[in-house]
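Heads up, the thing below is written out as structure tokens.
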Amino acid sequence: MQYRLRIARSRAHGSVDIASETIEACGVSEAIEAASRAMGLFLADLPGVGILTDAVEDGLVWSSRWNMPPPPESDFIRF
């Protein structure tokens with residue numbers, strides 16, 4: 001199966017670097033492991049985000065925030 005990984009990291013001057021690659025994997029677990037490794041190499045301890053999607057249907061498979069503060073609490077979902 002093919003998966004698409006997109007990674008973004010911020011630069012010191014406010015712009016953003018973006019990387020995108022296709023991952024070939026037998027299943028979701030293998031694709032997530034490969035995406036996590038690629039994300040670690042690209043970010044090299046800089047803050048960033050990664051999104052892994054199914055290359056055919058473009059559905060979200062996995063996402064990760066690396067060295068980033070937690071997202072703000074949403075006012076939309078409260079129980």
*Given the rule in the side chain to side chain contact (heavy atoms under 4.5 Å, CB included) test, do Leu43 and Ile7 qualify, once you have shown the distances and angles that lead to the verdict?*
CA-CA 8 Å; Leu43 295 178; Ile7 307 168; 3.9 Å; yes
For [X], give me all partners under side chain to side chain contact (heavy atoms under 4.5 Å, CB included), at least two apart in sequence or on another chain.
X     : answer
Glu24 : Gln2
Arg4  : Arg6, Ser20, Thr53
Glu33 : Arg37
Ser10 : none

*asked:* So, taking the atom named OG in Ser64 and the one named CG in Leu5, what distance separates them when rounded to the nearest 0.5 Å?
replied: 10.0 Å
*Would you please name every residue forming a salt bridge (charged side-chain N to carboxylate O under 4.0 Å, His left out) with Asp17, sequence neighbours left out?*
Arg9, Arg11
_Tell me the closest heavy-atom pair linking Glu30 and Ala25, and the distance in Å._
OE2-CA, 3.6 Å
*Joint cluster assignment, Ile23 & Val49, ILVMFWY side-chain distance < 4.5 Å*: no
*Is Trp66 linked to Leu46 within one hydrophobic cluster, defined over Ile, Leu, Val, Met, Phe, Trp and Tyr using a side-chain heavy-atom separation of less than 4.5 Å?*
no
*Ignoring hydrogens and angles, tell me if any N or O in the side chain of Asp54 forms a donor-acceptor pair with the backbone of Gly59 under 3.5 Å.*
no
*Other ILVMFWY residues reachable from Leu60 by side-chain steps of under 4.5 Å*: Ile51
*asked:* Thr22 vs Tyr3, test: side chain to side chain contact (heavy atoms under 4.5 Å, CB included). Steps then yes/no.
replied: CA-CA 6 Å; Thr22 300; Tyr3 299 88; over 6 Å; no
*asked:* Counting C-beta onward and ignoring hydrogens, is there a side-chain heavy-atom pair between Cys26 and Met1 closer than 4.5 Å?
replied: no
